[in-house]
Amino acid sequence: MAEPSGAVEAQGTGGAVGPWPRGIHAITLFVENLATTRSFYEEVFRLPLIFEDDVSAVFKFENTLINLLTISEAPQLIQPATVANVEAGVRLQFTIEVDDVDDMCAELSRRGVELLNGPMDRPWGIRTASFRDPAGHIWEIAH
């Protein structure tokens with residue numbers, strides 16, 4: 001149960017752990033080809049690479065880190081769960097808010113991105129378009 005300060009009581013400890021959740025700090029995306037996917041993120045999103053080693057590349061999207069991790073390294077993070085291959089289908093979509101979906105679609109096209117769909121007006125009142133990164137992750141732009 002939340003206390004007035006927004007702190008949450010830790011289960012079984014009787015202590016407050018602070019507000020939770022506070023936002024997503026990092027998302028790790030498992031990729032088959034790190035070099036190709038890293039280049040895509042550099043060219044399409046035009047974000048600086050803030051960390052890189054032989055098995056990962058990390059980009060910062062405002063307050064969220066996107067960690068591209070070579071799929072061979074994933075088991076140590078998620079065992080006993082298993083990593084699905086890209087042919088298993090899409091299980092998530094990231095959405096980025098933009099000022100103008102049509103203008104951003106034109107810019108993405110100039111950056112060599114092929115749209116999956118859109119731009120289109122959705123029944124719930126927003127305009128969207130989506131595309132896929134080289135590892136199969138879906139990104140949507142919306143306004």
Side-chain angles (χ1 to χ4, degrees), residues 1-3 5-13 15-122 124-143:
M1 175 180 260
E3 298 175 7
S5 67
V8 176
E9 186 175 311
Q11 189 94 17
T13 66
V17 295
W20 186 85
R22 294 189 298 180
I24 297 173
H25 174 70
I27 298 170
T28 299
L29 303 176
F30 306 134
V31 303
E32 287 76 14
N33 187 318
L34 181 60
T36 299
T37 307
R38 183 194 67 234
S39 293
F40 179 90
Y41 278 65
E42 288 173 329
E43 294 167 18
V44 171
F45 295 114
R46 302 213 173 145
L47 297 171
L49 186 64
I50 65 166
F51 175 81
E52 179 178 27
D53 63 17
D54 292 341
V55 297
S56 66
V58 180
F59 295 89
K60 189 166 187 176
F61 281 69
E62 278 203 18
N63 297 322
T64 304
L65 300 176
I66 300 293
N67 177 31
L68 305 177
L69 182 67
T70 303
I71 203 164
S72 63
E73 302 299 308
Q76 66 182 324
L77 294 178
I78 65 168
Q79 285 179 338
T82 58
V83 179
N85 64 38
V86 70
E87 291 81 25
V90 176
R91 302 216 15 141
L92 60 89
Q93 172 179 279
F94 299 101
T95 300
I96 300 172
E97 185 176 20
V98 298
D99 291 332
D100 186 304
V101 172
D102 294 84
D103 285 349
M104 193 66 220
C105 285
E107 181 59 28
L108 288 169
S109 178
R110 286 189 288 277
R111 296 178 190 181
V113 175
E114 183 178 329
L115 295 177
L116 293 172
N117 60 50
M120 65 178 74
D121 294 319
R122 299 293 188 167
W124 49 91
I126 63 173
R127 188 161 178 78
T128 71
S130 64
F131 59 95
R132 183 186 320 251
D133 75 13
H137 305 108
I138 306 297
W139 288 87
E140 175 186 65
I141 55 173
H143 181 78

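Small disclaimer: the values here were computed from a predicted structure and weren't measured. In this chain, numbering begins with 1 at the start of the sequence shown. Atom set for the values below is all heavy atoms of this structure, side chains included, hydrogens, waters and symmetry mates excluded.
Here the side chains of N63 and H25 are not in contact, with every heavy-atom distance at 4.5 Å or above. Side-chain atoms of D133 and V31, non-hydrogen and from C-beta on, never get closer than 4.5 Å to each other. A 4.5 Å side-chain heavy-atom check between T128 and V101 finds every atom pair outside the cut-off. In this structure the side chain of L92 never reaches within 4.5 angstrom of the side chain of I138, judged on heavy atoms. Side-chain contact check for L65 versus T28: every heavy-atom pair is 4.5 Å or farther apart. The shortest distance between side-chain heavy atoms of V83 and I78 falls below 4.5 Å.
In this structure T36 satisfies the side-chain hydrogen bond (donor to acceptor under 3.5 Å, both in side chains) test together with N33, sequence neighbours excluded. Legend: residues meeting salt bridge (charged side-chain N to carboxylate O under 4.0 Å, His left out) with D102, ordered by chain and number and at least two apart, are R127. Evaluation of the side-chain contact (heavy atoms from CB on, under 4.5 Å) rule for T95 yields Q93, E140, A142 as partners, not counting sequence neighbours. D99 is linked by a side-chain hydrogen bond (donor to acceptor under 3.5 Å, both in side chains) to nothing, counting only residues two or more places apart in sequence or in another chain.
Rounded to the nearest 0.5 Å, atoms OG1 (T70) and CD (E32) are 9.5 Å apart. Of the inter-residue distances, the one linking E43 atom CD with L108 atom CG reads 12.5 Å to the nearest 0.5 angstrom. Between the CG atom of L34 and the OG atom of S39 there is a distance of 9.0 Å, given to the nearest 0.5 Å.
Under 3.5 Å, the side chains of Q76 and Q79 contain no donor-acceptor pair of N or O atoms.
At distances below 3.5 Å, at least one donor-acceptor pair connects side-chain atoms of T64 with backbone N or O atoms of I24. With hydrogens and angles disregarded, a donor-acceptor distance shorter than 3.5 Å links the side chain of H143 to the backbone of V98. Between the N67 side chain and the I27 main chain, no donor and acceptor come within less than 3.5 Å of each other.
Closest heavy-atom contact between A88 and A84: CB-CB, 4.0 Å. Nearest heavy-atom pair, L115 versus C105, reported as atom, atom and distance to 0.1 Å: CD1-SG, 3.7 Å. Nearest approach of H137 to F30, heavy atoms of both residues: CE1-O, 3.4 Å.
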In sequence, state the C-alpha distance, the side-chain angles, and the governing distance for I66 and L29, and then conclude on side chain to side chain contact (heavy atoms under 4.5 Å, CB included). CA-CA 7 Å; I66 300 293; L29 303 176; 3.8 Å; yes
Could you walk me through whether R111 and E42 satisfy the salt bridge (charged side-chain N to carboxylate O under 4.0 Å, His left out) test, starting with their C-alpha distance in whole Å, then the side-chain angles of each, then the deciding distance to 0.1 Å, before giving a yes or no? CA-CA 10 Å; R111 296 178 190 181; E42 288 173 329; over 6 Å; no
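Within the structure, the side-chain hydrogen bond (donor to acceptor under 3.5 Å, both in side chains) test picks out the following pairs touching residues 50-61 (sequence neighbours left out): R38-E52, D53-S56. Among residue pairs with one or both ends in residues 53-87, those qualifying as ring-ring contact (aromatic ring centres under 6.0 Å, His included) are Y41-F59, F45-F61, F61-W139; sequence neighbours excluded.
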